[in-house]
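Everything on this sheet refers to the single structure shown next.
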Amino acid sequence: MKLSTLTLVVSVAAGSAMAGPIAPADVVFTEYGAVEASLSGQPGDAANGAKIMTTKSTGNCIACHEVSALSEAPFHGNVGPSLDGVADRWSEAELRGILSNAKKTYEGTVMPAYYKVDGFTRPGNAYTGKAAEGALDPLLSAQQIEDVVAFLSTLKDE
Amino acid sequence: MKFKAMTAIAALAVSAPALLLADADDDTLIVNGEIEMITKAPAPEHLSGVLDEIVSGWHMRSDETQVMQADDFDNPGMIYTEQALDDWNAVNGTKGKSCASCHGDVEESMKGVRAVYPKWNDSKEKVYTMEMQINDCLTDGMGADAWKKSGAQMAAMEALISVQSRGMPMNVAIDGPAEATWEWGKELYYTRTGQLDLSCASCHEENYGNHIRSDHLSQGQTNGFPVYRLKNAKLTTVHGRFKGCVRDTRAETYSPGSDEFVALELYVASRGNGLSVEGPSVRN
């Protein structure tokens, strides 16, 4: 009895440590820029991911990408490719990698890194034009990335 | 057979400009029915391998915005030139002089000036923007206070001076003593800034013609400055626009009038060498 209680306590502690979000600096990319492990340790919420993609103050992905499934939101840009059928082209791990730091997949791309906090020139305090104060937050949180990955995974043509 | 070949050629002729100009329309700009604007031109030599053709931002605007610039009665920027003309003639400062005391009729003395600025100033030994020259005239020449950098009064005077060169091709010098500043400006143009990690080139060289949200990206040319922006219903200076663009990369901006923006202004102006001076232009 006593022994099994102890085991339980230990496993809960270990479990919660594993479930904590991976910090931007600790994200492990494969050679081709994919990220295998969930950043938050939690499943993503596709509906929330769709909202993040169309919201100017969060992902604002449609500023550059056309997405037919999000056609009710106005003004899709075309700086990047259309994301229709993107889940046929990329696995979940690859999509997570593109979102976290697209430059690991596409060298020199203009797509911003959504889960990166260092290595920038003159980082600002959001869109104020003033210098950033203290450490930067990533553009999207670990869970927001997972939510967007979950939504992108639904974009299948086949 | 013959018919088919012709159709193919015709189709090519139609589709080729769209590919090359990336969505710039084929409209022409003639102001007041008399000033023919060069809104597309072969790129200057220093851009060889980078751009073939340079295109005014006017082409990326809607038809409604475009026509406003074709007639001075419809161009809201022109009102400011009248205000600036009052400043031109007003005695100001301890020396009892106006701009006109030294320069006479603005229509004669300021013709061609806008097309060659920024330019090297021999006595000050640095590249001067029109704004720096105006402020020197105010303080040293007239004993008056300098105007606020990129402020409303300054923008209006720049509009008045620009109007005297409308239609003339931009022709800033980039060699000789200006070269080091130009090189620095070029470096700044290609430096990615902010948390979005974008350079001027990311938007205006790699993606002009494309849409970013509702914005139709132009080449970010400065030949139309100062521009009247319908969005905020006032004149915007070159440095004001640069500041907004840098801010939009989530970066700490440079200040209007800073050495960085002066260098960048020279470099960006040189990318437009060959396009007509349009200021004050109308943009959204």
Side-chain angles (χ1 to χ4, degrees), chain A residues 24 53-67 70 73-82 99-141, chain B residues 18-19 22-24 60 62 150 184 187-220 231 236 239-261 264 284:
Chain A
M53 289 188 61
T54 53
T55 305
K56 214 168 175 177
S57 57
T58 55
N60 198 20
C61 312
I62 62 166
C64 292
H65 293 284
E66 213 173 303
V67 189
L70 302 173
F75 305 130
H76 296 213
N78 60 350
V79 163
S82 160
L99 267 157
S100 302
N101 184 354
K103 289 189 184 82
K104 304 266 189 186
T105 302
Y106 302 100
E107 203 189 322
T109 187
V110 298
M111 175 160 158
Y114 283 87
Y115 205 63
K116 182 171 180 274
V117 292
D118 50 21
F120 300 111
T121 304
R122 298 178 71 86
N125 181 356
Y127 292 105
T128 61
K130 305 222 156 64
E133 283 167 33
L136 294 175
D137 288 328
L139 295 173
L140 293 178
S141 70
Chain B
L19 284 174
D23 271 348
M60 271 65 180
S62 69
S150 263
W184 187 31
E187 192 185 309
L188 290 164
Y189 187 87
Y190 287 103
T191 301
R192 288 173 169 234
T193 59
Q195 199 172 355
L196 300 188
D197 206 25
L198 298 169
S199 70
C200 311
S202 306
C203 288
H204 296 297
E205 183 174 292
E206 291 176 41
N207 279 298
Y208 76 91
N210 287 333
H211 282 83
I212 195 160
R213 271 257 171 172
S214 57
D215 280 312
H216 194 182
L217 284 168
S218 72
Q219 289 181 346
K231 192 178 148 186
T236 300
H239 291 197
R241 177 43 113 161
F242 286 178
K243 189 176 168 190
C245 281
V246 176
R247 181 201 58 215
D248 287 349
T249 69
R250 290 180 78 112
E252 178 189 2
T253 65
Y254 301 102
S255 307
S258 62
D259 291 347
E260 285 86 356
F261 273 173
L264 190 60
N284 54 336

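Below, chains carry the letters A, B, ... as their sequence lines are ordered, and counting in each starts from 1.
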| message | To the nearest 0.5 Å, what is the distance between CD on B:Gln195 and CG on A:Asn125? | response | 10.5 Å

| field | Spacing of A:His76 atom NE2 and B:His211 atom NE2 [to the nearest 0.5 Å] | value | 13.0 Å

| Closest non-hydrogen atom pair, A:Tyr127 against B:Arg250 |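 Heavy atoms of A:Tyr127 and B:Arg250 come nearest at CE2-CG, 3.3 Å.
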
| task | Measure across A:Thr55 and B:Arg213 and return the closest heavy-atom pair with its distance rounded to 0.1 Å. | result | C-NH2, 4.4 Å

| query | Out of A:Asp118, A:Leu139, A:Thr109, which one racks up the most heavy-atom pairs below 4.5 Å with chain B? | reply | A:Leu139

| said: At a heavy-atom distance under 4.5 Å, which candidate from A:Ala132, A:Pro123, A:Gly80 has the highest pair count against chain B? | reply: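 Maximum pair count with chain B is reached by A:Pro123.
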
| request: Tell me, for B:Leu196 versus chain A, whether the close heavy atoms (under 4.5 Å) come from the side chain, the backbone, both or neither. | output: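 Answer is both: backbone and side chain atoms of B:Leu196 are under 4.5 Å from chain A.
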
| Residue B:Thr191 versus chain A: region with a heavy atom under 4.5 Å |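 Contact with chain A involves the side chain of B:Thr191 alone.
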
| message | Please determine whether the number of non-hydrogen atoms from other residues, nucleotides or ligands lying under 6.0 Å from atom OH of B:Tyr190 exceeds 12. | response | yes

| field | Enclosure of B:Lys243 NZ (heavy-atom neighbours >12, cutoff 6.0 Å) | value |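 Result for NZ/B:Lys243: open.
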
| field | Most contacts with chain A, counted as non-hydrogen pairs under 4.5 angstrom, among B:Ser202, B:Ser214, B:Gly244 | value | B:Ser214

| Most contacts with chain A, counted as non-hydrogen pairs under 4.5 angstrom, among B:Val246, B:Ile212, B:Asp215 | B:Ile212

| said: Could you go through A:Lys103 and B:Asp197, starting from their C-alpha distance and side-chain angles, then the distance that decides it, and tell me whether this counts as salt bridge (Lys or Arg N to Asp or Glu O under 4.0 Å)? | reply: CA-CA 11 Å; A:Lys103 289 189 184 82; B:Asp197 206 25; 2.8 Å; yes

| said: Are B:Tyr254 and A:Arg122 packed together at the side-chain level, in the sense that at least one heavy-atom pair is separated by less than 4.5 angstrom? | reply: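 A side-chain contact under 4.5 Å exists here.
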
| field | Side chain B:Glu206, main chain A:Val79, donor-acceptor under 3.5 Å | value | no

